[in-house]
Amino acid sequence: MKKSYSTFLAMLFMACIAQVSIMAYGETPFNPGVNQMNVLLSNGETRYFNTSEIESVVFDGDKMIITDFSSTVEPVVLDGNVTSVTFRKAQGGSGPVIENPDGKVAIREAKGWNEAAYMTFLPFDGADGYNVYYRNGNATDWKEIDAMLVRNYGSYGRADVVGLAPGVYDVKVVPSSNGEEIASAANTVEGIAVTAYDRSGFAHLNFSGGVGAYNNDGTLKAGAKVLYITNENFNTVTLDLPSNNKGGTATYTGLGEIFKALQKGYVSTPIAVRVIGQLDADKIGTTQLLTDQKGLLLKGNNTDINFQVTVEGIGDDASFKGFGMGFVGGSGAEMRNLAVMLHGSSNDCVEVKGTRHIWIHNCDLYYGQKGGGDHDKGDGSLDCKDGCSYATFAYNHFIDSGKSALCGMKSEVTDNLICYHHNWFDHSDSRHPRVRTSTVHLWNNYYDGCSKYGVGATMGCSIFVERNYFRGTKRPMMSSLQGTDATGDGTFSGENGGMIKSFGNVMAERPSSFSYITTADNATSFDAYEASYRDEQVASSFKTLKGGTTYNNFDTNPELMYEYLPVDAAEVPAIVTGYLGAGRLNHGDIHFTFNNSVDDSDYGRNSGLDRILSSYKCQLLGFFGDSTVTPDPDPNPNPDPDPTPDPEPVGDLIICSFEGKAPSSNLVTVSGNYSTSKGTATYAGVTYNTCVKMESATSISVTPPQPMKMTLVFGDTETANLKINGTKVTAAGSIYSTEISESTTLTKADSRNLFLIVLEKL
């Protein structure tokens, strides 16, 4: 019997208003910024449909017929191969309504995040400083944030409020002059929603009091010391701490020495290390970098030592350049909201050795320095070994990593409990993770164009791979010397195999070399045991071909497992790439878009990304009324990676091109595809040949630091045509100009190619 669900869909979509149209119906790419219907097919593929374009969905027997509003587009017919249909709301990050009355500080943006909120604001005439306050939405008393959290970026100011319990908050900025507040010019944003970090995982299992310097409700622990760290005070910051177990104290100087004072366990004070801007090895030197990898080291003599240390970035631009972070021994350490880039060619971004109850999350992990052999991208991105246990690695963004995550050396035992969830393996190559011996839970991770392999199991480990999304990954799971690893072009390891239980994973956009062998295909030489339901136990008759290891069924043992709430794999890409997903706040201040058609299979260094990282400079100028942060000579954080020069800036002019297939200004964020074969555009005497294709799924966000004139340059032979905040505009020629004062969204009206965005101060 034929049924129509158009009325049902119309009601469902009223709350989910999408803003992009479809270029080729039924071929829409995944887009986390748009409401979409996800249709999972029996071969593991997922088809995406923008809900705003769907007129009706009709089921006729085994057929699913999806009709577009446009009468010129043929309906999509899926015949007998639909497994499930889900609806996903756009991942936002939109803040509350901002009002800027005359005579008040102009606030340009205010949002909540995980246990934090932030605002940016424009300079106020006559002010030389700003005080920022916050309160819970139900409270009447305001609390002032530390002055180091209010920073000067030249054309705007920024304040971050951290250590917040989940809830709704108001934030107020008050300008000051010569230390006196200008109360009449104060401005407030109300109703900023703050969420909680996801504390699911082994790190928090059977560990009281919170991992790191914060309580489990997101607030600082009682008596916690807060250290604000910049390039200028990295070596000189001081802290008085116990020096022995007999009541003695000493003053320790430099962050490395402060961490060294924790080694013997005399210190019981929680310490929150808040990184401001970029810490650059070329500026801080190596005297405080005490690991064997020349990185910042937090070390304890044994795992009974509770560090109670959190190393965290403030805002969206905190990073380590030229060095990484090491955790050795001890327990109770946390690292969050930080980027690591261009560390030593033989070093890791983050190395964890023997530490227990460690939580590393919401970090952006980039290339190391170029080395020889398999160190082309540096060494590992996030390695744990030497007895590391009760570890949670979550919501991290691995950007084109080579060896993403080694888990275990040869001395590990299966009692080591480690989990990875909601990580974004973004065109990384291998080791997601590569596990020896240990017991590992992998769930709700996004494998996005991984060129070599996904999960690797060796030396008797047990891995539960649950509800992950593998896109463009040719070998999602492998066990050493069996299954896929025993066929084709050789092995990824000569060690004995490990056991993998797989459940609920999606494997989409499978490349031609895709291989995944389950026990249903081959009961003796397989990649994984494919479970039919989550709590299914793997029988002891299934064992590794080399080593005879059986699966330990840890995931069905309530004494070993933690509480968690996984979503279906089809929802994972939107969550992981969304505003509250993997990586730093706002996905950091470095945005790079990969070309899937090339980068899915390429495991070399990406030249465009490499140039951006090597030229990166933080835009932070300092603190208001203070000069403790030395500005970099070039404040452009994302210089054009193409050697062709931009025209010389005239006054307050920002020119954003897309050479290298990435926006050259961090004021512009692109979700869409680039091309170098759509002609050229000439502006101010310079010719550009790389464009953003204005397609159905393209969405470009432009966030001006102040009211500005925006000029959009299309191909020389084109007529400028697009939608600005949903409204279609058309120019007489290839250039269109308008004035903008707040974040503006550019989407497709008709097929066009955008080569340049020029912002000029009014």
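Heavy-atom basis, side chains included; hydrogens, waters and symmetry copies ignored. Just so it is clear, the structure is predicted and the values come from calculations on it, not from any experiment.
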Would you tabulate the side-chain donor-acceptor contacts of residues 261-269 under 3.5 Å, counting partners in other chains and residues two or more places apart, or write 'none'?
residue	atom	partner	partner atom	Å
Q263	NE2	N301	OD1	3.0

Output a table of donor-acceptor pairs, distance under 3.5 Å, between side-chain atoms of residues 133-144 and any protein atom two or more places apart or on a different chain; print 'none' if there are none.
residue	atom	partner	partner atom	Å
Y133	OH	E181	OE2	2.4
R135	NE	D170	OD2	3.1
N136	OD1	N138	N	3.0

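The pair R584-D589 counts as a salt bridge, with a side-chain nitrogen and a carboxylate oxygen less than 4.0 angstrom apart. Under 4.0 Å is where a charged nitrogen must lie from a carboxylate oxygen, and between D316 and R158 at least one such pair does. The pair D383-R431 does not count as a salt bridge, with every side-chain nitrogen at least 4.0 angstrom from each carboxylate oxygen.
In this model, a donor atom of one side chain and an acceptor atom of the other lie less than 3.5 Å apart for Y395 and D198. With 3.5 Å as the limit, one finds no donor-acceptor pair spanning the side chains of N306 and S331. One side chain, H397 or D426, offers a donor N or O that lies under 3.5 Å from an acceptor on the other. Side-chain polar atoms of N423 and N445 form a donor-acceptor pair below 3.5 angstrom.
Closest non-hydrogen pair, S438 versus V435, comes out as O-CG1, 4.0 Å. Minimum interatomic distance between M561 and L205 (heavy atoms only, all atoms of both residues): O-CD1, 4.1 Å. The minimum heavy-atom distance linking Y130 with F124 is given by the pair OH-N, 2.8 Å. For the residue pair L220 and A224, the shortest heavy atom distance occurs at CD2-CB, 4.0 Å. Between A165 and V194, the closest heavy-atom pair is O-CG1, 4.0 Å.
Screening I590, I399, I612, L365 against M341 for a side chain to side chain contact (heavy atoms under 4.5 Å, CB included) leaves a single residue, I590. The one candidate from Y367, F425, Y366 that meets the ring-ring contact (aromatic ring centres under 6.0 Å, His included) condition with F398 is F425. Applying the side chain to side chain contact (heavy atoms under 4.5 Å, CB included) test between F393 and each of C384, C419, P433, C363 identifies C384 as the sole match. Among C461, C407, S389, the single residue meeting the side chain to side chain contact (heavy atoms under 4.5 Å, CB included) criterion with I418 is C407.
Taking 4.5 Å as the limit, some side-chain heavy atom of F464 sits within range of a side-chain heavy atom of F554. Counting heavy atoms from C-beta on, the side chains of M325 and I360 never come closer than 4.5 Å. In this structure the side chain of L620 reaches within 4.5 angstrom of the side chain of Y153, judged on heavy atoms. With contacts defined as side-chain heavy-atom distances shorter than 4.5 Å, the pair I271/L239 qualifies.
Between the CG atom in L298 and the CZ atom in F307 there is a gap of 4.0 Å [rounded to 0.5 Å]. To the nearest 0.5 angstrom, S428 atom OG is 8.0 Å from K377 atom NZ. Summarising the geometry, atom CG belonging to L289 is positioned 5.0 Å from atom CZ belonging to F234; distances are rounded to the nearest 0.5 Å. Atom CZ of F320 and atom CG of D280 lie 12.0 Å apart (nearest 0.5 Å). Separating the CZ atom in R336 from the OH atom in Y197 is a distance of 4.5 Å, to the nearest 0.5 Å. Separating the CZ atom in R356 from the CZ atom in F207 is a distance of 11.5 Å, to the nearest 0.5 Å.
Residues meeting the ring pair (Phe, Tyr, Trp, His ring centres under 6.0 Å) test with F259, sequence neighbours left out: none.
Note that R108 lies in the cation-pi zone of Y156, set by a 6.0 Å cut-off to the ring centre and a 45° limit from the axis.
Taking the six-membered ring where the residue is Trp, W443 and H421 present parallel rings, their angle staying beneath 30° rather than reaching 60°. In this structure, Y446 and W424 have parallel ring planes: the angle between them is below the 30° cut-off, well short of the 60° mark.
No more than 12 heavy-atom neighbours from other residues, nucleotides or ligands sit within 6.0 angstrom of NZ on K294. The local environment of NZ in K299 is sparse, with at most 12 non-hydrogen atoms from other residues, nucleotides or ligands closer than 6.0 Å.
At distances below 3.5 Å, not a single donor-acceptor pair connects side-chain atoms of S404 with backbone N or O atoms of H432.
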Could you walk me through whether Y562 and H441 pass the ring pair (Phe, Tyr, Trp, His ring centres under 6.0 Å) test, one step at a time? CA-CA 11 Å; Y562 49 87; H441 186 201; 5.7 Å; yes

